[in-house]
Amino acid sequence: MLGFSLFAFWVYALVDVLQSEFRFPHEKLIWVLIILVLPPIGTFLYLTNSRTSKKRRKFEPDFLSNRI
């Protein structure tokens with residue numbers, strides 16, 4: 001059971017890295033390499049430290065437009 005949960009977190013971290021946009025283009029490659037080379041440690045490091053290096057999404061809805 002523990003092995004499955006570690007594998008699930010590893011897959012989640014890889015998918016999140018590949019779908020995220022970072023402030024600098026080389027950061028994505030660095031995180032992928034860290035996660036692949038050091039799976040348990042790299043996954044933990046990414047999930048705890050990646051928020052500071054990702055671009056923040058801005059929520060700017062346009063409620064006045066007439067598009068449906």
Side-chain angles (χ1 to χ4, degrees):
M1 189 68 177
L2 178 65
F4 178 74
S5 61
L6 287 175
F7 179 73
F9 278 120
W10 181 74
V11 170
Y12 170 76
L14 274 178
V15 170
D16 189 56
V17 165
L18 295 174
Q19 291 181 347
S20 297
E21 291 187 31
F22 291 87
R23 292 183 185 163
F24 302 104
H26 64 278
E27 286 182 294
K28 184 182 282 194
L29 176 64
I30 291 171
W31 278 119
V32 168
L33 290 175
I34 289 172
I35 291 171
L36 290 176
V37 172
L38 305 167
I41 297 167
T43 302
F44 177 75
L45 287 173
Y46 173 73
L47 293 176
T48 57
N49 296 324
S50 67
R51 287 185 171 220
T52 59
S53 61
K54 288 183 183 178
K55 286 184 180 179
R56 299 210 183 255
R57 297 181 190 167
K58 294 182 180 179
F59 181 67
E60 298 175 355
D62 184 12
F63 294 115
L64 298 177
S65 73
N66 293 328
R67 291 183 287 163
I68 296 178

**Q** Among the clusters formed by ILVMFWY side chains lying less than 4.5 Å apart, do Leu38 and Leu18 turn up in the same one?
**A**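 They do share one cluster, since a chain of ILVMFWY contacts under 4.5 Å joins Leu38 to Leu18.
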
**Q** How long is the gap from OH on Tyr12 to CZ on Phe7, to the nearest 0.5 Å?
**A** 16.0 Å

**Q** Is Phe4 linked to Phe9 within one hydrophobic cluster, defined over Ile, Leu, Val, Met, Phe, Trp and Tyr using a side-chain heavy-atom separation of less than 4.5 Å?
**A**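 No, separate clusters.
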
**Q** Determine yes or no for a side-chain-to-main-chain donor-acceptor pair under 3.5 angstrom, with Trp10 supplying the side chain and Thr43 the backbone.
**A**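 Between the backbone of Thr43 and the side chain of Trp10 there is no qualifying donor-acceptor contact (under 3.5 Å).
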
**Q** When Tyr46 is tested against each of Val32, Ile41, Val17, Leu14 for side chain to side chain contact (heavy atoms under 4.5 Å, CB included), which residue passes?
**A** Val17

**Q** What is the distance from atom CZ of Phe24 to atom CG of Leu29, rounded to the nearest 0.5 Å?
**A** 15.5 Å

**Q** Same cluster or not: are Ile30 and Leu47 linked, directly or through other Ile, Leu, Val, Met, Phe, Trp or Tyr residues, by side-chain heavy atoms under 4.5 angstrom apart?
**A** yes

**Q** Give me the atom names and distance for the closest heavy-atom approach of Ile35 to Ala13.
**A** CD1-CB, 3.9 Å

**Q** With a 4.5 Å limit on heavy-atom distance, are the side chains of Trp31 and Asp16 in contact?
**A**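 When only atoms from C-beta onward are counted, Asp16 and Trp31 do not touch, as no gap falls below 4.5 Å.
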
**Q** Kindly work out whether a path of hydrophobic side-chain contacts (I/L/V/M/F/W/Y, heavy atoms less than 4.5 Å apart) joins Ile34 to Val11.
**A** yes

**Q** Establish whether Leu36 and Leu45 are linked, either directly or via other cluster members, by ILVMFWY side-chain heavy-atom contacts under 4.5 Å.
**A**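 Shared cluster, yes.
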
**Q** For the side chain of Lys28 and the backbone of Glu21, is there at least one donor-acceptor N/O pair under 3.5 Å apart?
**A** no

